[in-house]
Amino acid sequence: SQQGEEDPQALSIQEGENATMNCSYKTSINNLQWYRQNSGRGLVHLILIRSNEREKHSGRLRVTLDTSKKSSSLLITASRAADTASYFCATDPTQGGSEKLVFGKGMKLTVNP
Amino acid sequence: NAGVTQTPKFQVLKTGQSMTLQCAQDMNHNSMYWYRQDPGMGLRLIYYSASEGTTDKGEVPNGYNVSRLNKREFSLRLESAAPSQTSVYFCASSQDRGTYNSPLHFGNGTRLTVT
């Protein structure tokens, strides 16, 4: 069963703009991870934020986590055409064993040159 | 550095046929996973192996079997393929026993069609 739900499901922006994607989840978590999937390829891990962290940066990526609202956001600044991909949040729930990373359905980002 | 390698990349089966999807990782990871990805459904865990010699069911294990052949290799077998198993299958690995503080490394997938 899906734990995380990305919002919006699709986003189209112009190159240079910022893109914000949101993820909501239902149960308590150990950590939350964001992945990118280019068309026809496997998922690539972008960033992991632990439940005791509120914000994390990696290059042009900024992730926030609000455990009280059970939500996370991924901000991509100064987007590029190469950022066009599907983005997934995945939660590591505290219940059910740490093996079971649960993925959302994904969100498609299109960056127009 | 190959990472996670899956074979084959594409496969078409007739209903009732069997096949094995192969996966190998060269990162010395303990844990390996099989997911399926369907449109609008995200990724769903089929089976996982927390360490060599152990396997456990995930969310959608029915119709599948797995073998953790050694630390590097984790195969997924469809004994009698059904159209509902048409999907893209991804193998993944991670360093730790579980996913806590450890990202997953994915292969590029096997696209399976069952007619």
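Below, chains carry the letters A, B, ... as their sequence lines are ordered, and counting in each starts from 1. In this text the structure is predicted, and so the values were computed from the model without any measurement.
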More than 12 heavy atoms from other groups under 6.0 Å of CD on A:Q9: no

Please check if the number of heavy atoms outside A:R80 that lie under 6.0 Å from its CZ is greater than 12. no

Could you tell me the separation between the NZ atom of A:K105 and the CE atom of B:M41, rounded to the nearest 0.5 Å? 6.5 Å

Do [X] and [Y] land in one hydrophobic cluster if side-chain heavy atoms of ILVMFWY residues count as linked below 4.5 Å?
X: A:L11; Y: A:L61; value: yes
X: B:Y47; Y: B:L78; value: yes
X: B:Y48; Y: B:L21; value: no
X: A:L46; Y: A:I76; value: yes

Do the side chain of B:N108 and the main chain of A:R41 share a donor and acceptor less than 3.5 angstrom apart? no

Polar side-chain atom of A:Y35 near backbone of B:L104 as donor-acceptor pair, under 3.5 Å: yes

How about A:L101 and B:Y35: do any of their side-chain heavy atoms sit closer than 4.5 Å? yes

Side chain from CB out, backbone as N, CA, C, O: work out which of these in B:Q37 comes under 4.5 Å of a heavy atom of chain A, or both, or neither. side chain

If I measure from the heavy atoms of chain B, does A:Q37 come under 4.5 Å with its side chain, its backbone, both, or neither? side chain

If you compare all heavy atoms of A:F88 against all heavy atoms of B:L43, which two are closest, and at what distance to 0.1 Å? CE2-CD1, 4.2 Å

Would you name the heavy atoms of A:Q33 and B:S102 that are closest together and state the gap between them? NE2-O, 3.8 Å

